[in-house]
Structures are given as C-alpha cells and as structure tokens.
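A, B, ... follow the sequence lines: proteins, then strands. Residue 1 opens every chain.
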Number of protein chains: 2
Amino acid sequence: MAYLDERKLKILQAIIRNYLETGEPVGSRTISKFTDLNLSSATIRNEMADLEEMGYIVQPHTSAGRIPSDKGYRLYVDTMMETREQEVDEMKALLLEKADKMENLLEQVTKLLAANTNYTAMVTTPMYRSRKVKFLQLTEVDDTQILAIIVIEGNIVKNKMIATSVPVEKEVILKLNILLNTYLQGLDLSEINLDVIQQIKMQSEGFGSIVSDILDAIAQAISEEDKVQVYTSGTTNMLKYPELGDNQNVSQLLYALEEKKEITELMKKDAGDNTEIQVYIGNETTVESMKDCSVVTATYELTDGVYGKIGIVGPKRMDYEKVVSTLKTIRTQLDEIYKK
Amino acid sequence: MAYLDERKLKILQAIIRNYLETGEPVGSRTISKFTDLNLSSATIRNEMADLEEMGYIVQPHTSAGRIPSDKGYRLYVDTMMETREQEVDEMKALLLEKADKMENLLEQVTKLLAANTNYTAMVTTPMYRSRKVKFLQLTEVDDTQILAIIVIEGNIVKNKMIATSVPVEKEVILKLNILLNTYLQGLDLSEINLDVIQQIKMQSEGFGSIVSDILDAIAQAISEEDKVQVYTSGTTNMLKYPELGDNQNVSQLLYALEEKKEITELMKKDAGDNTEIQVYIGNETTVESMKDCSVVTATYELTDGVYGKIGIVGPKRMDYEKVVSTLKTIRTQLDEIYKK
DNA sequence: TGTTAGCACTCGATTCATTGGAGTGCTAAT
DNA sequence: ATTAGCACTCCAATGAATCGAGTGCTAACA
C-alpha cells in the first residue's frame with residue numbers, strides 16, 4: 001500500500017482544484033501542466049493510480065480523467081483548504097438597510113447568501129436555549145375577547161386572542177395582570193409546572209378557567225416559538241449543475257428543499273456545539289436526495305442562548321473557500337447588527 | 001371562412017379533452033374513433049383544417065396531430081367545461097385540525113391545494129379594503145423600551161418596540177394611551193393625516209417626539225400588513241410536465257415562483273371584483289416565464305373587506321374542471337372555518 | 001354535395017454504425 | 001525513479017437509415 005507523501009498531496013490538491021473549477025474529470029496531462037512539479041503525464045498517471053487505490057479519487061469510467069471521491073473532498077476541506085478573505089462592505093450596507101424586522105432580516109440574509117454563492121441558501125429562525133418569560137400583559141379588546149401579550153427573553157413578542165364566554169371586568173383583568181406577572185416573570189417555560197399553576201389558580205378567586213386559558217395560550221405561544229423555521233433561497237440554482245442528475249434527482253432535491261422537513265432536521269444538527277463551521281459531504285448529510293451535494297453550515301448567536309444556523313447547499317464540487325468565508329462574513333454581520 | 005357549427009364544436013372539444021389527458025398532439029384517426037360522430041378520419045381531417053384556419057387548434061409541425069391554441073383553451077373554459085363535484089370531507093377535517101393560526105392555516109391550504117391537484121398552488125395572505133384602527137395600547141417593557149400594540153379591524157394584531165432615550169413615567173404612558181385611542185380609534189389609515197397628528201401632538205404636552213415615534217410605528221405596522229405575502233407549494237410538480245420545456249424554461253418558471261415578485265402582482269390582479277374564478281391562459285398571465293402555463297385563481301373573503309386569493313399554476317393542458325372545483329371547495333371551507 | 005378511400009408526402013424520433021479524441025495502463029528505455 | 005511511446009478503451013458527437021404517425025389532396029361514391 002502506497003503512502004500519501006508530499007507529492008501525492010500536491011497532485012490530489014491540483015486535481016480537486018481543477019475539478020472544482022471545471023466540473024470535468026481531470027486527466028494526467030492537465031495536471032502535468034497545471035502544477036509546478038515538472039512531472040510528465042506518465043508519472044502523474046502512476047501517482048493517480050495510487051491515489052485511486054487509496055480511495056481519494058475515482059474514475060467515472062475507464063479512459064476518463066479522475067474526480068475526487070467523498071474521502072478526497074473530506075481531506076481537502078479538513079486540511080488543504082486555503083481561507084480567503086471576503087469583501088464585506090456591500091453586504092453590510094445591504095443588511096443594515098433591511099434590518100428593520102427579524103423575520104425580514106433573515107429572509108434578506110438568505111437571499112443575499114444565495115445571490116453571492118450561486119448555490120442554495122438556508123437560514124433558520126433563532127432557537128432558544130432558555131425561554132424565560134420577561135413580561136406579560138392582558139388587555140380587553142371587546143366584551144368577549146382578551147388579548148394576551150407575552151414578551152420572551154430576547155424581546156420576542158407573542159400575542160394571542162382569548163375568547164371569554166362572559167364579559168370580564170376591568171378590575172379583574174388588572175388583578176390578573178399583577179398576579180400573573182408576579183408568579184411568572186423570570187420563569188423558564190420548563191419551570192412553569194403544575195405547582196405554580198395551582199398557586200396562581202388558588203389566588204385567582206373563581207377566575208380559574210380564564211387563567212387556564214391564558215396559561216394554555218402562553219404555553220402555545222412559547223412552544224410555537226420553538227418551532228424552527230427554515231428560509232430557503234436560490235433553490236433554482238441547483239438546476240445549473242448538470243452533475244446533480246438531470247430530471248429525477250434534481251426534482252427530488254428541490255422537493256426536499258421545498259418540503260423543508262428533512263433540511264430542518266439537518267440544520268438543527270450540531271446546532272449547540274461551538275464548532276465554527278460544519279461541512280457535510282455527500283451521504284454525510286443523511287438526506288437521501290442530497291447524496292450528490294455538500295452542505296456547509298455555520299451557527300450564529302444573537303445573544304446568549306439565542307442562536308440559529310445559516311447554511312449553503314451545493315454540488316460536491318462547490319467553491320468551499322468562498323462558501324466558508326461568505327458564511328463567516330454573514331455570521332459576523334448578523335452579530336454586529338444585533339449588538340447595536 | 002368556415003362557420004363553427006355543432007359538429008366542429010364537438011370535434012374541438014374531443015381534441016381538447018384528449019390532449020388534456022395525454023399531452024400528445026391528437027390526430028384525425030384518434031378523433032374518428034374517440035367520438036360518437038361516426039365520421040372517417042378523412043372527414044375529421046377536413047374539419048380540423050377548418051378549425052386550424054379559425055385559430056382554435058395548432059400544428060406543432062407538419063405531419064403531427066393538432067393541439068389546442070390559447071384561443072381554443074379559452075373557448076373551452078368559457079363555454080364547454082363541465083363542472084365537477086368534489087369530495088370535501090377530508091379537506092374539511094384536515095383544515096380544521098390545523099386552523100389554529102391564520103398563517104399556519106394558509107400554509108396548510110397551500111399544501112393541500114398542491115397535493116390535491118398535482119400542480120403548483122399559490123395563496124396570498126389577506127388584504128384589507130379598509131384598515132381601521134380598532135384599538136391601541138402602549139406598555140412599558142423596561143426603562144428604555146415601550147411596546148406598542150395595534151389591533152386593526154379584523155383582529156389583526158401588530159406590535160412594535162419603541163426605544164426611548166429617557167425613561168417615560170407610567171402616568172405619561174397612561175395619558176398617551178387615552179389620548180391616542182381617543183383620536184385614532186375607528187380611523188382608517190388614510191384618515192390619519194397631518195391635521196389629526198397635529199392635534200394629538202398639541203395635547204401631548206412635550207412628549208411630541210414619542211408621539212411621532214408611535215405614529216411612525218403605527219404607520220409602519222399597518223403598511224407592513226399591507227404587504228401581500230404569497231405562499232407557494234408544489235413548485236416541483238412543474239418538473240413533471242415535459243411540455244413546459246426541459247431545462248431553461250422550467251428553471252425560469254421555478255425562479256419566478258421562488259422570487260414571488262411577479263406572481264404577487266399576478267395574484268393581486270382583479271382581486272377586488274367579484275367574479276368567482278379567473279382563468280389566465282398562456283400569455284394572459286402577463287408573466288413571461290409562464291407563457292406555457294395557465295393560472296386559475298379564486299377570491300376568498302374572510303369578513304367584509306378582508307379578502308385574499310388562492311390559485312393554481314399548471315401546464316396549459318391542466319385539468320380545468322378539477323382545478324376549478326377544488327378551488328371552489330377550498331374557498332368555501334375557508335369561509336366556513338372563519339365564520340365560526 | 002358531403003363523405004370517404006387511397007396514396008404520396010412530410011417530418012420528427014429512433015436506431016445504428018462510424019469516427020475522433022481524450023485518457024489510461026503497461027512496457028521498455030533512459 | 002522517470003519518461004516516451006504505444007495499444008487500448010470508451011464516451012460523445014455525427015450522420016445515415018429507417019419507422020411511423022399524421023397530413024393534404026384527389027378521385028370515387030352515395
């Protein structure tokens with residue numbers, strides 16, 4: 001068994017670089033000229049045979065050039081990739097301009113990512129490690145409806161209409177407001193247990209049913225906030241890369257991107273750990289229809305405990321350097337915008 | 001010039017029906033057997049030549065069968081279509097189950113439409129003919145932030161955080177609450193003019209800047225609500241219909257569906273009038289990338305003055321009967337769910 | 001006069017063989 | 001260890017041949 005020496009590494013790198021650019025299998029002659037090794041194509045051929053035997057490259061068929069295998073890509077992104085600096089100015093400007101509302105901002109980010117990379121971009125809404133009730137307010141809208149407003153840590157505002165069978169007096173609402181805030185402020189959702197609920201009900205003097213409704217609303221509002229949403233953009237970019245298979249395959253891929261079920265799972269994965277960038281190559285994505293794709297994700301963090309993910313899906317031969325640096329840039333921008 | 005008599009109509013109808021089913025150009029022999037007219041293929045050929053001359057059908061190339069032209073389709077949906085009843089039970093159940101929140105509901109509706117028809121579904125969020133302020137409330141969140149809650153006619157709740165440079169006293173907030181509600185309740189956005197604003201500011205005794213901020217927030221919240229959103233689902237269904245062109249064309253179509261700019265315009269069109277169903281065939285859609293598609297839309301109305309659109313995009317040879325009846329059903333369901 | 005049988009013709013789609021070229025693996029020479 | 005050279009493989013592109021569905025037209029017929 002051959003050993004992966006310096007020269008083989010260089011050749012492998014050259015093959016991958018070339019393939020990333022052209023998308024065509026690359027032959028020995030190309031490498032012979034492409035590198036500064038001054039080796040003849042024949043020598044390259046021998047080395048390539050070794051590299052293939054070691055599993056780093058693959059031949060689509062006899063008498064074609066080589067393309068990187070998943071193992072080859074993996075080696076590349078892990079050890080051989082060169083970081084590239086990114087021009088950030090226009091992005092920053094663009095983001096700031098649109099940053100009026102969180103949802104809007106995320107959608108803009110998604111579009112920006114897709115437009116910049118020519119791949120498909122995915123961005124999740126923030127998830128919360130802690131979900132503390134910051135503030136709570138009931139308001140009478142009309143005789144049969146009460147509006148409950150819940151502000152969660154991180155200034156997330158949720159509102160919920162509650163229908164009442166009987167009109168509720170103003171004073172009662174005032175009382176309930178104080179009561180609820182006293183008991184619930186600062187509590188995490190997980191801390192609102194039966195015990196607390198009982199105590200509130202005990203003190204609500206006959207308005208227990210309304211309290212129940214309200215607590216239901218709170219639970220619902222908060223848990224709903226827990227549902228991670230994924231924005232996507234640039235899905236049609238996938239049609240540009242013929243190596244993803246022409247009809248059936250791309251169709252399934254686009255379906256997965258539209259359906260979002262699988263990619264939501266994918267985006268949740270490793271969301272907690274603090275590795276900067278995650279790269280999934282081919283089957284590492286665990287999504288069947290993405291077996292010919294690579295996925296690169298990054299975690300953004302708004303404030304402590306509020307984080308989400310941004311990511312790119314593209315063909316395996318994507319421009320990893322660019323994608324990684326773009327993700328890093330955007331992540332930083334998100335941070336900065338939020339810090340203000 | 002020939003005249004469109006009974007027999008020609010029957011033949012045209014047969015051609016269209018057949019083409020809707022198969023997607024293949026249909027020849028004279030097929031029609032000869034397909035209909036109960038007992039005519040030879042030769043006779044049919046003569047009639048078909050007439051129909052072509054009149055512009056109802058078209059030959060993709062010499063020595064191919066005929067396919068309907070836009071004019072042919074138009075005649076078909078206007079006069080020859082047979083209405084079909086739709087099984088509604090499962091839809092109703094499905095919708096009710098998910099109907100907890102408006103946005104959610106609409107998304108479900110979109111998916112349901114797409115799944116039922118195998119085409120692409122589009123649903124807009126509601127638009128408002130009148131946008132009256134129903135109710136308004138300021139609340140202190142912490143020292144530098146006030147939360148403004150605005151309830152618009154139709155129980156649409158908007159909220160907006162307002163940052164203040166100096167802490168604002170509780171009493172002031174109370175006063176502002178009363179002041180704002182007194183002046184603004186029941187007003188339409190269009191009625192909140194400089195005159196009204198001046199009056200409020202005059203009475204706000206030195207808190208004019210906060211009032212400005214609040215009014216800005218209201219304006220922004222309401223106008224934001226005016227932004228029509230379009231949900232889409234089943235876009236990948238478009239890949240199933242080879243007649244939409246294989247690569248370039250479908251790609252542009254999918255892009256338009258993802259971008260949503262053009263289709264939002266399309267959906268807004270005729271949204272006010274009370275025609276039940278609108279059908280746009282080919283270039284009637286005015287969207288370039290949809291020139292080989294048809295669009296069928298219906299208007300739903302939640303309450304007086306709050307309405308939106310649901311629609312289907314598919315190939316010109318879509319199953320119009322089914323699409324129309326599905327849209328009608330869903331529209332009715334939406335009505336009923338909301339009435340409760 | 002409307003209908004039909006028959007026939008020559010058109011034209012896209014499919015199939016098949018041919019060719020060219022890019023690339024390989026191996027061997028022998030340096 | 002490297003390289004030149006050569007036979008070999010196989011895909012992709014090209015083009016000729018064929019097939020068949022469908023047409024238009026003419027002439028015959030009821």
Next on the checklist: In whole Å, I'd like the distance from the CE atom of B:Met48 to the P atom of D:dC25.
Outcome noted: 14 Å

Item to check | Whole-Å gap separating P (C:dT24) and CD (A:Gln59) | outcome: 7 Å

Checklist outcome for this item: note: A:Glu53, atom CD; C:dG25, atom C1'; distance rounded to Å ~ 14 Å

Item to check | Donor-acceptor pair (no angle test) under 3.5 Å: A:Arg66 side chain, C:dG25 base | outcome: no

Next on the checklist: Side chains of A:Ser28 and A:Arg45: any donor to acceptor distance under 3.5 Å?
Outcome noted: yes

Item to check | Trace of the side-chain contact (heavy atoms from CB on, under 4.5 Å) decision for A:Leu4 with A:Tyr56 | outcome: CA-CA 10 Å; A:Leu4 195 90; A:Tyr56 291 111; 3.4 Å; yes

Item to check | Pair A:Arg17 + A:Glu82, salt bridge at N-O below 4.0 Å | outcome: yes

Checklist outcome for this item: From CD of A:Glu52 across to P of C:dG23 the rounded distance in Å is 15 Å

Checklist outcome for this item: Between CZ of A:Arg45 and C1' of D:dA1 the distance, given in whole Å, is 16 Å

Checklist entry - Does any residue of residues 7-44 of chain A have a heavy atom under 4.0 Å from DNA chain D, and if so, which ones, in number order? => result A:Arg7, A:Asn38, A:Leu39, A:Ser40, A:Ala42, A:Thr43

Next on the checklist: Measure CG/B:Asp50 against C1'/C:dG2 and give the value in whole Å, please.
Outcome noted: 13 Å

Item to check | Other residues, nucleotides, ligands: >12 heavy atoms within 6.0 Å of B:Lys240 NZ | outcome: yes

Item to check | Donor on one side chain, acceptor on other, B:Thr43 and B:Ser40, under 3.5 Å | outcome: yes

Checklist entry - Rounded to whole angstrom units, what separation is found between the CG atom of A:Leu51 and the P atom of C:dT24? => result 12 Å

Close N/O contacts between protein and nucleotides 11-15 of chain D (under 3.5 Å):
none

Item to check | A:Glu21 with A:Arg317: basic N within carboxylate O range, under 4.0 Å | outcome: no

Checklist outcome for this item: To the nearest angstrom, the CG-C1' distance between B:Asn46 and C:dT4 comes to 10 Å

Item to check | Modelled atom types, side-chain donor and acceptor of A:Gln278 and A:Lys269, under 3.5 Å | outcome: no

Next on the checklist: With no hydrogens and no angle check, just 3.5 Å: does a side-chain donor-acceptor pair link B:Tyr280 and B:Thr297?
Outcome noted: no

Next on the checklist: Could you check whether any side-chain heavy atom of B:Cys293 comes within less than 4.5 Å of a side-chain heavy atom of B:Lys316, counting everything from C-beta outward?
Outcome noted: no

